Amino acid sequence: MFDLNGKRGLVVGIANDKSIAWGCARAFSRAGASLALTYLNDKALPHVRPLADLVDAEILMPLDVEQPDAMEAVFDRISTRWEKLDFVVHSIAFAPKADLQGRVTDCSRDGFMRAMDVSCHSFIRMARLAEPLMTDGGTLITMSYHGADEVVQNYGLMGPVKAALQSATRYIAAELGPQGIRVHAISPGPLATRAASGIAHFDQLMQDATDRSALQRLVDIDDVGSLAAYLVSDGARALTGGTMHVDAGHSIIS
C-alpha cells in the first residue's frame with residue numbers, strides 16, 4: 001500500500017503473532033522497509049524469533065526498558081549496523097495487576113510510577129536516543145487507547161498513563177519538528193493482545209466496543225499496521241503531533 005523501500009525502522013513490543021507491534025512490523029516489511037525488532041526476555045524469544053524470520057529482520061535484540069542500559073544497547077547496535085534510523089514504533093505498556101484492576105484512587109505510588117516509566121517515559125527515552133540517528137528526519141509512533149480521552153470502565157490506571165503519553169507525543173512533536181521528525185500516537189480499538197489480558201472484564205469491553213462503533217466491528221492488528229505504514233511513509237509528511245484513531249468509529253459515538 002505504501003512504498004517504504006530504503007527505510008529502516010525499530011519495532012518494540014512484539015510478544016507474539018497477536019501483538020499490535022507485529023501487525024505494524026508485517027505492514028512495514030510488506031512495504032519494503034528493513035527492520036530491527038526487540039523481545040522482552042528469553043521466555044519471549046521463541047515466540048518472537050519465528051516472526052523476525054518472516055520479515056527478515058536485520059536486528060533482533062532483547063529489550064526490557066526497566067533494565068539499565070538495555071535501551072542504549074539497542075540503539076548502539078542500530079547505529080553500528082545502519083548508522084541512521086527512519087522510524088520507531090513503541091508498543092509497550094505495563095501496570096502491576098493490583099493497581100491495574102483496582103480503583104485509580106487506590107493505586108499505589110510505586111505502581112503508578114512503574115506504569116508511567118514503562119508505558120510513557122520509555123517512549124520519551126526512545127525519542128531522545130532516536131533523534132541523533134534520524135539525520136534525514138523520521139517518524140516516532142506510540143500506542144494509546146480511547147481510555148486516555150474518556151473514562152472507560154475497568155481501564156483504570158492506564159487511562160491517566162495513556163493521557164500522559166498522548167501529551168508527551170504532542171510536546172515531542174513540537175520539539176523535534178524542526179528536524180523533520182514527526183511524532184504520532186495511534187489509538188486502536190480494543191484488541192485481544194497479551195497486554196490487554198490483564199484488564200478486568202476485557203471480553204465485555206470488546207463487546208461494548210463492537211456495539212458502539214460506527215462500523216459495528218472490532219479492528220485487528222493489520223488495521224493498525226496499515227495506519228502505521230502510512231504514517232511512516234512520505235505521504236504523511238505533513239502530519240505530526242496527533243492521536244490517530246483506528247477503532248471502526250468507536251470514538252465518535254457518545
Side-chain angles (χ1 to χ4, degrees), residues 1-14 19-38 51-52 54-60 74-75 77-92 123-144 165-189 219-249 251:
M1 295 176 66
F2 309 105
D3 183 7
L4 301 182
N5 281 287
K7 292 187 182 292
R8 296 166 172 172
L10 167 65
V11 179
V12 176
I14 299 176
S19 299
I20 289 173
W22 170 238
C24 295
R26 186 163 55 189
F28 296 145
S29 177
R30 287 171 175 169
S34 300
L35 298 176
L37 307 182
T38 68
L51 303 178
L54 286 175
V55 296
D56 295 321
E58 295 187 18
I59 298 171
L60 178 63
V74 170
F75 280 87
R77 175 74 177 279
I78 290 171
S79 178
T80 300
R81 178 70 182 265
W82 288 340
E83 296 183 353
K84 59 170 290 188
L85 189 63
D86 296 293
F87 61 89
V88 173
V89 170
H90 169 277
S91 184
I92 56 175
F123 180 56
I124 298 172
R125 291 167 56 203
M126 285 183 195
R128 182 170 63 247
L129 291 168
E131 179 184 7
L133 296 177
M134 292 184 167
T135 52
D136 297 320
T139 309
L140 303 170
I141 296 174
T142 189
M143 299 295 163
S144 187
L165 180 63
Q166 288 183 185
S167 181
T169 295
R170 293 189 290 271
Y171 278 87
I172 297 169
E175 292 170 354
L176 301 188
Q179 289 120 274
I181 298 173
R182 298 174 282 118
V183 191
H184 306 282
I186 293 178
S187 183
V219 298
D220 58 33
I221 61 172
D222 291 322
D223 294 321
V224 183
S226 294
L227 176 57
Y230 167 65
L231 292 174
V232 165
S233 76
D234 294 339
R237 60 189 177 275
L239 301 178
T240 194
T243 298
M244 310 291 181
H245 293 275
V246 53
D247 59 4
S251 57

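Bear in mind that the values here come from a model prediction, so they are computed numbers and not experimental data.
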What do the steps show when you test I181 against E131 for side chain to side chain contact (heavy atoms under 4.5 Å, CB included), and what is the final call? CA-CA 8 Å; I181 298 173; E131 179 184 7; 4.2 Å; yes
Is the shortest side-chain heavy-atom distance between T139 and M134 below 4.5 Å? no
Under 3.5 Å, is there a donor-acceptor pair between the side chain of R77 and the main chain of I59? no
So if I apply the ring pair (Phe, Tyr, Trp, His ring centres under 6.0 Å) rule between F87 and each of F2, F28, W82, which one comes out positive? F28
Strictly distance-based, threshold 3.5 Å: is any side-chain N or O of R237 a donor or acceptor partner for the main-chain N or O of D234? yes
Please examine the side chains of S233 and D3, heavy atoms only from C-beta on, and report whether any two atoms are closer than 4.5 Å. no
How many angstroms lie between OG in S29 and CG in L51, if you round to the nearest 0.5 Å? 11.5 Å
Return the CG to CZ distance between L4 and R30, rounded to the nearest 0.5 Å. 13.0 Å
Is there a side-chain contact between V12 and V74 in this structure, where contact means two heavy atoms from C-beta onward sitting under 4.5 Å apart? no
Counting C-beta onward and ignoring hydrogens, is there a side-chain heavy-atom pair between I141 and F123 closer than 4.5 Å? no
Closest heavy-atom pair, D247 versus S187, reported as atoms and distance to 0.1 Å, is CB-O, 4.4 Å
So S91 and V11, do their side chains get closer than 4.5 Å, heavy atoms only? no
Donor-acceptor contact below 3.5 Å, side chain T240 vs main chain V183: yes
Compare every heavy atom of G189 with every heavy atom of V219, then report the nearest pair and how far apart it is. CG2-N, 3.8 Å
Backbone N or O of G23 within a donor-acceptor pair of the D222 side chain at under 3.5 Å? no
So do R81 and S34 actually touch side chain to side chain, heavy atoms under 4.5 Å? no
Validation row: S19, I221 side chains within 4.5 angstrom (heavy atoms): no
Any side-chain heavy atom of I78 within less than 4.5 Å of one from L129? no
Would you name the heavy atoms of P188 and I20 that are closest together and state the gap between them? CG-CD1, 4.1 Å
List the steps and the verdict of side chain to side chain contact (heavy atoms under 4.5 Å, CB included) for E83 and T135. CA-CA 9 Å; E83 296 183 353; T135 52; over 6 Å; no
Provide the closest heavy-atom pair for Q166 versus S144 in the form atom of the first, atom of the second, distance. OE1-OG, 2.7 Å
Roughly how far, to the nearest 0.5 Å, is the CG atom of D136 from the CD atom of Q179? 12.5 Å
Kindly give the heavy-atom pair with the smallest separation between H184 and T169, and that separation in Å. C-CG2, 3.7 Å
How far does CG of L37 sit from CD of E58, to the nearest 0.5 angstrom? 10.5 Å
Could you go through Y171 and I124, starting from their C-alpha distance and side-chain angles, then the distance that decides it, and tell me whether this counts as side chain to side chain contact (heavy atoms under 4.5 Å, CB included)? CA-CA 10 Å; Y171 278 87; I124 298 172; over 6 Å; no
Taking all non-hydrogen atoms of both residues, which atom of G6 and which atom of D86 are closest, and how far apart? O-OD2, 3.8 Å
